[in-house]
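What follows is one structure encoded as structure tokens, with my remarks underneath.
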Amino acid sequence: MQDFIKQIEECKNLNELESLRILVLGKKGKLTEQFAKLRNLDAESKKELASTLNAQKEEFNQAYAKKFKILEQESLNEKMKENIFNFTYFDKNAQNGALHPVMSTMDKIIEYFVSLNFSVEKGPLIEDDFHNFEALNLPKSHPARDMQDTFYFKDKRLLRTHTSPVQIRTMLKQKPPIRMITPGAVFRRDFDLTHTPMFHQVEGLVVENGQKVSFANLKSILEDFLHHMFGDVKIRFRPSFFPFTEPSAEVDISCVFCKGCGCRVCKNTTWLEVLGCGVVDPNVYGFVGYKNVSGYAFGLGVERFAMLLHQIPDLRSLFEGDLRLLEQFR
Ligand code: PHE
């Protein structure tokens, strides 16, 4: 037996060790053969031999297990050496990646406002009712709270349905003046040609002390912004409603697809809606403890901007990861 223990020590790899194990404990192994002899012995001798054999088996197994661990680690180390990453390798044929059109559109939007000294604020994707709805003057019965639109967690938290809660968070931690945008993902229970359950918004907020800010300021900055994004388009402001702004407007640009002739995308209206905006409703200031201030806010969907900039007809194709689409943006 001591011979086998010595052979275990001498094994150089896991294969050798396994061969040895079979030689000793396999079906026709040396030790197995000894065990077979027990059958023909009388009770007294059987007991004696069995105890010797079991002790030997135990000794072998222990030595085997110890060696196995060592050889296994060595073999792992070898494999690691083979797969080691070569940081100096340069593949001349590698293809460059590119920004996803949604991200490049987002960047273009952010760059515009950063150049006007807007700060860029971020907030959590998982929100509570107060920040996502209540502080934005959304009454309990507002359809936006409907189960149809909002993803709720069991504990009543929710996935934010717009980036507006970041306005609230920023106003709660900062005094006016505020000049901010907040880009990021938002979530709604919606899925068709023009809606996906996750999409991106950029929202803006300006608040000044006193009554300096008016709808005229809002109109002028948005007109400049839309010309920056879409070039020479016509722009119109249409009265609308948002709980957190008063007065509110939706902003249309002349259709970038048909240039005013009427087409499927603009549904023959020659106009495309691109923005929601308005003068901040005084009720909102009440929720964040602001007094004697004035301001405006606006919000837009980044995917919609990307579609219009790049003439992509189906919103969902932005999320399919199809290289045939993405390669066009390299
Ligand atoms: N939060 C609004 C939405 O998601 C957009 C909006 C923002 C409208 C700010 C007006 C002012 O629909």
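Only this structure's heavy atoms are used, side chains among them; waters, hydrogens and symmetry mates stay out. Read the numbers this way: they start at 1 and go in the same order the structure lists the ligands and their atoms.
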Decide whether E121 and T182 meet the rule of one side-chain donor and one side-chain acceptor closer than 3.5 Å.
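No, no side-chain donor-acceptor pair sits under 3.5 Å.
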Using 30° and 60° as the class limits, which term best fits the ring planes of [X] and [Y]: parallel, tilted or perpendicular?
{"X": "F225", "Y": "F113", "value": "tilted"}
{"X": "F230", "Y": "F305", "value": "tilted"}
{"X": "H228", "Y": "Y112", "value": "tilted"}

Non-hydrogen atoms of R160 versus ligand 1: any pair closer than 4.0 Å?
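No.
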Should T161 be counted as touching ligand 1, given the test is an N or O pair under 3.5 Å?
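Among all N and O atoms of T161, none is under 3.5 Å from an N or O of ligand 1.
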Partner of D252 under salt bridge (Lys or Arg N to Asp or Glu O under 4.0 Å), chosen from R236, K234, K267:
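Answer after filtering R236, K234, K267: R236.
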Using heavy-atom distances, let me know which of A249, S164, G278, G299 sits nearest atom 1 (N) of ligand 1.
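Shortest heavy-atom distance from atom 1 (N) of ligand 1: S164.
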Run the numbers for me: atoms of ligand 1, each under 4.0 Å from some heavy atom of [X], listed by number.
{"X": "Q201", "value": "3 (C), 4 (O)"}
{"X": "E203", "value": "1 (N), 7 (C), 9 (C)"}
{"X": "F298", "value": "7 (C), 9 (C), 11 (C)"}

Counting heavy atoms not belonging to E44, are there more than 12 under 6.0 Å from its CD?
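Not buried by this count: 12 neighbours or fewer within 6.0 Å.
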Which residue holds the protein heavy atom closest to atom 2 (C) of ligand 1, what is that atom called, and what is the gap in Å?
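For atom 2 (C) of ligand 1, the nearest protein heavy atom is F244 CZ, 3.7 Å.
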Heavy atom under 4.0 Å from ligand 1: found in S248's side chain, backbone, both, or neither?
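No part of S248 is near ligand 1 at this cut-off.
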